[in-house]
Each structure stands twice: as structure tokens, then as C-alpha cells.
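The chains referred to below are lettered A, B, ... by the order of the sequence lines, with proteins before strands, and numbering in each begins at 1. Reckoned from all heavy atoms, side chains included, excluding hydrogens, waters and symmetry mates.
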Amino acid sequence: MRATRFPLSTLRETPADAEVISHQLMLRAGMIRRLASGLYTWLPLGLRVLRRVEQIVREEMNRAGALEVLMPAVQPAELWQESGRWEKYGPELLRLQDRHSRPFCFGPTHEEVVTDLFRREIRSYKQLPVNYYQIQTKFRDEIRPRFGVMRAREFLMKDAYSFHLDGECLSREYELMHATYCRIFERTGLAFRAVEADTGAIGGSLSHEFMVLADSGEDAVAVCAESGYAANVELAPSLPPQSPRAAPEEAMEEVATPEQRTIAEVSAFLGVEASQHIKTLVVEGRDGGLVALLLRGDHSLNEVKTEKHPAVAVPLAFASAERVEAVLGCPFGSLGPVGLAERGAVVIADYAVAHLSDFVCGANREGYHLRGVNWGRDIAEPECADLREVVAGDPSPDGAGPLVIRRGIEVGHIFQLGETYSEAMAAKVLDEAGEERTVTMGCYGIGVSRVVAAAIEQNHDAQGICWPGPLAPFQVALVAIKAEQPEVHEAAEDLYAELMASGIDVFYDDRDLRPGVKFADMELIGIPHRLVVSPRGLQEGLVEYKGRCDEAPITLAREEVVAWLKSR
RNA sequence: CGGGGUGUAGCUCAGUUUGGUAGAGCACUGCCUUCGGGAGGCAGGGGCCGCAGGUUCAAAUCCUGCCACCCCGACCA
């Protein structure tokens with residue numbers, strides 16, 4: 001491709017409304033343009049990258065035996081009413097009406113449509129298992145789209161749905177998809193981890209997320225280097241401390257802590273470390289009462305795990321300040337477990353809290369705290385549960401060494417769905433005995449457009465994007481310096497022709513611009529390899545080469561350039 | 001939905017307080033010089049100052065309403 005036939009539309013300045021680096025660079029490199037909130041046009045350069053991701057995904061899905069289909073983006077409400085999601089799905093579902101006032105939605109996902117397809121097409125167990133997939137535009141009316149295509153409303157997704165007679169077959173397909181996803185992300189050249197994930201409201205027994213590791217990632221994952229354990233921190237259990245609790249040394253006393261409300265304030269005021277404090281959070285209980293959750297001062301609440309506790313209302317809701325004062329007779333800043341059960345709250349302690357001795361907590365009296373408090377002596381032994389977010393250094397749940405916390409961007413998610421949709425929509429086949437059997441399902445998603453943004457979050461520098469080779473819009477940038485000199489022009493054209501002929505995807509910057517401008521553009525758009533033809537080198541039959549991430553260029557003999565590049 | 005902010009050229013932003021003929025840099029067009037790291041000069045093109053009302057001799061500027069976008073939070077999974 002020649003630059004004179006491929007307008008780059010790069011920007012020197014960063015558009016003001018782009019917050020994260022991938023969004024900034026995608027705009028500056030001229031990959032995307034915003035049309036409206038959460039809606040983006042892919043320009044030629046960006047589309048080349050998107051297509052590369054798509055192609056890797058398609059090849060590996062095909063290789064795994066999945067069957068590509070293309071389902072409508074617009075779906076009739078009927079199907080969603082049948083599955084029950086027309087009512088359940090919130091305002092994220094974009095609802096439409098056609099000219100006859102019949103209700104439709106723009107699909108945020110395709111379980112209903114694919115289940116309908118399945119029940120119409122597949123009759124016999126002999127046709128199972130089957131895995132349909134598509135690469136298609138989805139729409140989710142996010143409350144707050146942001147970060148460019150990272151969290152857009154309209155986005156490109158690969159979604160796959162498998163159908164099985166039994167759970168064993170589903171498990172095999174799940175494992176195959178797990179392996180296929182690993183191959184896909186390995187091929188993209190990105191650093192990623194497969195992590196155990198919460199199944200959320202979709203339910204099902206097993207779920208993994210695929211995370212591209214990047215410091216700017218929205219998700220936190222807990223990883224154990226020794227065992228390979230990896231899970232979303234939403235899910236990662238914390239183990240109860242193994243050592244015995246230290247014996248009490250201090251007597252319990254009430255101390256005045258005027259105007260000291262937060263753990264940090266009380267900790268500084270009393271000169272006691274936050275890890276010796278108990279933090280008391282009050283949430284709504286399932287039975288309509290209040291539940292007090294006790295956490296160590298330096299720990300934070302894990303809402304996903306907490307919601308699974310039978311005493312806690314779903315969804316998790318913090319009690320209002322008014323309600324806490326009315327029921328417990330004390331404001332937030334001075335709450336503590338001592339005497340709280342008597343005031344009518346269910347008290348649940350995190351395991352780490354139950355392990356404390358001589359701790360500090362609120363006195364349930366405004367402006368006062370207790371110190372030197374001990375379980376079994378000053379207050380009954382608590383009911384315990386796993387309530388907290390794991391932190392770096394915690395033991396891995398499988399008992400093998402410490403956890404490390406890393407940030408990740410969720411780019412893939414696989415679920416064992418079970419019979420939720422096949423049951424609701426009567427997706428059945430005849431088994432060997434001629435009996436009707438409801439099938440069991442898996443679903444497997446990859447955020448194709450998000451992979452592009454995630455790749456940039458993980459691979460960029462001050463100059464711009466540093467594409468991993470498999471995702472790069474072009475492999476080689478060819479820059480001619482002093483191209484107005486006939487020898488240079490001829491040599492560059494000649495090299496361009498040779499690169500093209502040998503199948504190398506080359507971007508030839510034949511624009512009549514100063515070298516600095518061309519170099520800056522080639523680096524911004526992140527082409528992995530750069531060749532420079534100049535009068536200086538040409539005299540000695542040399543061409544300059546520089547990798548996008550290299551410190552300094554090297555020189556190559558003109559004759560060996562193409563062969564050398566092909567070996568890279 | 002609540003709070004905060006911003007809307008002026010393709011991009012980044014002045015100008016609004018204190019009403020008086022629409023600005024700069026970058027980008028774009030032409031010419032000249034320059035040319036291995038985002039050159040310089042000269043000459044140009046490009047604006048419903050978010051939209052609609054209102055006040056005024058006069059509105060980018062003041063008032064009212066609306067819209068869009070961004071940030072924080074809540075919501076959602």
C-alpha cells in the first residue's frame with residue numbers, strides 16, 4: 001500500500017475527551033472516529049487490525065469444529081419474552097418497534113436466537129454436539145460508555161453457543177473452547193491469563209474469563225506463580241488463618257475518639273495499625289433486618305462473595321445512615337461488634353477478623369472506641385464467613401504459595417450455561433431410546449473490538465502503538481528519504497515491488513514530506529518493521545532497518561533485505 | 001438518575017468576567033526556500049460561536065429553556 005493512496009489522518013494532538021491511552025492512540029493514529037456516544041466508525045487503518053483479530057478467531061474456531069453462522073442483529077421481542085429476559089433485562093437492552101408497532105430489540109447477545117435456530121434445525125442426538133458461532137455487531141445501551149471501543153455501546157463480538165445431550169459432553173466442549181481461546185490469544189501475541197470467574201446472574205456451574213494483562217485493566221485477578229492458580233478477585237476465596245489466635249494481653253477499655261470516624265483517622269489517633277481494627281459495615285438482611293459485616297481495617301469487602309451469604313439481601317445494599325442510627329442507635333463512625341447482636345443486628349465476621357486479638361473497634365457510642373477487645377472474653381465468638389477481597393501475599397486457595405494481584409482487561413468469557421435457555425425455549429432432541437431430551441448448552445464470547453484496544457493498552461510507548469506482529473495493520477513501513485532524487489525514487493520503488501511480490505504486507509510512505517514527519521507517523525501507527533532508503537545508504541548498497549521497539553537502527557545489504565525480513 | 005464540567009474552524013484552545021465587525025497554533029490549498037526526527041516565508045480557503053427563544057441600538061459574551069459531550073457516583077452483570 002502506498003501512503004499517497006491511503007490517507008493516514010493521524011493527529012498530532014490528543015483529542016480532549018479521550019481518557020485512556022488506547023483511546024487516545026486509536027484516535028491519533030486514525031483508526032477510529034466517534035460518531036456518537038459509544039458509537040465508532042472504523043477507518044481503513046483500524047479496520048485492518050480489527051480484521052486481523054477476527055481472522056485469528058475465525059480460523060481457530062473453525063479448527064475446533066465450530067460452525068460459523070450469521071444471525072440477525074435485530075431480534076423479535078417474542079423470543080425474549082419466551083426466555084423471560086424481555087422483562088428481566090434492564091435498560092441496557094435497546095428496544096425498537098417496526099412500522100407495525102411490533103416490538104424488537106437490537107441484540108446484546110444471541111442465546112434466544114441461537115436456541116430458536118437449534119430447535120428448528122436439530123432433531124436427533126446423532127447431530128450433537130454442535131457449536132454455532134458468529135462474528136457480529138452487538139449493542140448494549142451502557143449507562144456510561146467510555147474508553148473508546150473498550151467499553152462502547154456498539155461493538156464487535158464473536159459469540160459461540162454449543163448444544164449437548166449431557167453435561168459430560170458439555171464439559172468436553174468447554175475444555176476444547178478453553179484450549180481454543182488459549183490458542184487464539186497466544187496467536188495475537190498478547191500477554192493473557194485464563195482465570196476462574198463468577199458466573200453472575202447467568203448462572204451455570206463453571207466459567208472462565210480471559211484477561212489481557214495491562215496495568216490499566218478494569219478487573220483485578222489473583223494469580224499464584226507456584227501453582228498456576230488464577231481467578232478474578234471477585235471470586236478468589238481467602239483462606240482462614242492457619243495459626244492459632246494470639247492470647248489476650250490487654251484489658252478492654254473504652255477510649256474517647258472525638259471526631260475520629262474512619263479507620264485511618266482512628267488508627268492515627270490511637271497509634272494502632274489499621275490491621276488491628278475492626279471495620280463494621282451494615283447491609284440489608286434477607287429477612288428485612290440489618291446485617292453487620294466485620295472486616296479487618298486494612299481489608300475491603302468483596303461484594304460478590306458477600307452476596308452469596310444466606311443472611312444478606314440480594315442485591316447487596318448498604319443500609320442508609322438514618323436506618324443504622326434508628327435501629328442500632330449509633331452513627332457509622334463508631335459502630336463495633338460488642339453488644340451489636342443485642343441491638344438486633346446479625347453479625348458476621350470475616351475469617352481474618354475472628355483471628356484478631358487485642359483489637360480496636362467502635363464502641364456503639366458516638367465518639368468512642370474500644371481497645372484491647374478479645375473474642376470469647378469480651379464478646380462471644382463470632383459467626384465467620386469469607387467476606388473480604390484477597391490481597392497480595394495471601395495464600396493461594398489451593399494452598400500453594402502467595403498470591404499476586406494483577407490488572408486485566410476481560411476479552412473473553414466462557415460459560416457452561418446448562419439448561420436455562422433450552423428449558424425455557426423447549427430445545428429438545430430425541431435420544432437413542434426415542435425419548436425427548438432437553439439439551440444442555442455452553443456459551444463462549446470474545447470481544448473482538450475490545451481485543452484491539454487491549455492490545456494497545458498492553459503495547460505502546462511515548463511514540464505511539466507497538467503492535468504485536470500478528471495484529472499489525474502492516475508488517476513493514478518503507479520510507480524513502482530525498483525521494484526527489486531519481487536514484488532514491490527508483491530504488492524505493494524497486495524495493496517496494498520486491499516486498500510486495502514476496503507477499504510482505506508493506507506500507508510505502510511515498511509522500512512528499514520531511515523524514516521526521518514520516519518517522520513519527522510510522523511509529524504512531526505502530527508498524528513493527530521499518531526500512532529506510534536514502535542516498536547515503538544507497539551509495540554503498542545498504543538499506544536501514546529498525547524494529548519498532550529497537551533502540552537503534554541497523555544496516556542491511558540491499559540484496560538480502562527481503563530474505564532477512566521474511567526470516568523475522 | 002444525582003453531582004460537577006465543557007460546547008468557538010478538522011484538532012488543541014484563547015476571547016465570555018466588563019456586550020461594540022470572529023482569533024491563535026496545528027491541519028488544509030498555492031508559490032518559494034528547506035529536507036535523516038513533527039521546517040521557514042508569502043498568499044489563501046474554511047465559522048449558524050451547540051440549538052431555540054428573550055433583553056438590547058448592538059449578543060460568542062447577559063437571561064430562560066433545551067440538546068450534546070466529558071468526569072465522579074449510583075444503576076446494570
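- A distance below 6.0 Å separates the ring centres of A:H529 and A:Y545.
- Take A:E82 and apply the side chain to side chain contact (heavy atoms under 4.5 Å, CB included) test, not counting sequence neighbours, and it matches A:L79, A:R119, A:M425.
- The backbone N or O of A:L156 sits less than 3.5 Å from a side-chain atom of A:S449, completing a donor-acceptor pair.
- For B:U61, there is no paired base (Watson-Crick or G-U wobble, both distances below 3.5 Å).
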Would you sort out whether A:E112 and A:S83 count as a side-chain hydrogen bond (donor to acceptor under 3.5 Å, both in side chains), showing the intermediate values?
CA-CA 7 Å; A:E112 283 82 359; A:S83 73; 2.6 Å; yes
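- Under the ring-ring contact (aromatic ring centres under 6.0 Å, His included) criterion, A:F507 pairs with A:F6, A:F474, sequence neighbours left out.
- Here, B:G46 and B:G23 have their P atoms 13 Å apart, quoted to the whole Å.
- Figure legend. B:G45 is base-paired to no nucleotide; pairs are counted as Watson-Crick or G-U wobble with both atom distances under 3.5 Å.
- Each of B:C71, B:G36, B:C1 was ranked by its minimum atom distance to the side chain of A:S534; first place goes to B:G36.
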Check the interface with nucleotides 29-34 of chain B: list each N/O to N/O pair with the protein under 3.5 Å, or write none.
from	atom 1	to	atom 2	distance (Å)
B:U34	O2	A:R514	NH1	2.8

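- Screening residues 142-151 of chain A for side chain to side chain donor-acceptor pair (under 3.5 Å), with sequence neighbours left out, gives A:E142-A:R151, A:R151-A:E218.
- For the C1' atoms, the distance linking B:C31 with B:G36 amounts to 26 Å, nearest Å.
- Test A:N302, A:T306, A:D350 against A:R388 for side-chain contact (heavy atoms from CB on, under 4.5 Å) and you get one pass: A:D350.
- Less than 4.0 Å separates RNA chain B from at least one heavy atom of each of the following residues of residues 516-525 of chain A: A:G516, A:V517, A:F519, A:A520, A:D521, A:E523.
- Taking A:H309 as the reference, nothing meets the ring-ring contact (aromatic ring centres under 6.0 Å, His included) condition, with sequence neighbours excluded.
- At whole-Å resolution of the value, CD in A:E19 and P in B:C71 are 5 Å apart.
- Within 4.0 Å of A:S37, counting heavy atoms only, lie sugar-phosphate atoms of the nucleic acid but no base atom.
- Nucleotides B:G73 and B:G38 have their P atoms positioned 40 Å apart, rounded to a whole Å.
- Taking the P atoms as reference points, B:C57 lies 41 Å from B:C70, given to the whole Å.
- Between A:L27 atom CG and B:C70 atom C1' there is a gap of 13 Å when expressed in whole angstrom units.
- Ring centroid separation for the pair A:Y132 and A:Y161 does not come in under the 6.0 Å cut-off.
- Under the side chain to side chain donor-acceptor pair (under 3.5 Å) criterion, A:D521 pairs with A:T10, A:R511, not counting sequence neighbours.
- Rounding to whole angstrom units, CZ of residue A:F147 and C1' of B:C69 are separated by 16 Å.
- Phosphate proximity of B:U12 to A:R12: absent, as no side-chain N or O sits under 4.0 Å from OP1 or OP2.
- The nearest whole Å value for the distance from the CD atom in A:Q539 to the C1' atom in B:G36 is 14 Å.
- Spacing between atom CG of A:D219 and atom C1' of B:A77 amounts to 12 Å, rounded to whole angstrom units.
- Checked against side chain to side chain donor-acceptor pair (under 3.5 Å), A:Q475 has no partners two or more places apart in sequence or in another chain.
- Considering only residues two or more places apart in sequence or on other chains, A:H208 meets the ring-ring contact (aromatic ring centres under 6.0 Å, His included) condition with A:Y174, A:H178.
- Contact annotation for A:R146: backbone-only contact, meaning every heavy-atom pair under 4.0 Å involves sugar-phosphate atoms and none involves a base.
- Across the protein-nucleic acid pair, A:R151 atom CZ and B:C71 atom C1' stand 15 Å apart, rounded to whole Å.
- Nucleotide B:C35 forms no Watson-Crick or G-U wobble pair with any nucleotide shown, as no partner meets the under 3.5 Å limit on both distances.
- We find that CZ of A:R153 is positioned 15 Å from C1' of B:C76, with the value rounded to whole Å.
- Within 4.0 Å of A:R34, counting heavy atoms only, lie sugar-phosphate atoms of the nucleic acid but no base atom.
- The stretch residues 476-496 of chain A touches RNA chain B through A:I481, A:K482, each having a heavy atom within less than 4.0 Å of the strand.
- For A:W467, there are no ring-ring contact (aromatic ring centres under 6.0 Å, His included) partners two or more places apart in sequence or in a different chain.
- Base pairing of B:U18: no nucleotide in any strand meets the Watson-Crick or G-U wobble criterion (both distances under 3.5 Å).
- No donor-acceptor distance shorter than 3.5 angstrom exists from the side chain of A:R33 to the backbone of A:Y40, with no hydrogens or angles considered.
- With both pairing distances under 3.5 Å, B:C69 is matched to B:G5 as a Watson-Crick or G-U wobble pair.
- Residues A:R530 and A:E523 are paired through a salt bridge, judged by an N-O separation under 4.0 Å between the basic side chain and the carboxylate.
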List, with names and distances, any nitrogen or oxygen atoms from the protein found under 3.5 Å away from nitrogen or oxygen atoms belonging to nucleotides 6-11 of chain B.
none

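- If you check every strand for non-hydrogen atoms under 4.0 Å, A:R530 touches a base.
- Partner assigned to B:C13 is B:G23, using Watson-Crick or G-U wobble distances below 3.5 angstrom.
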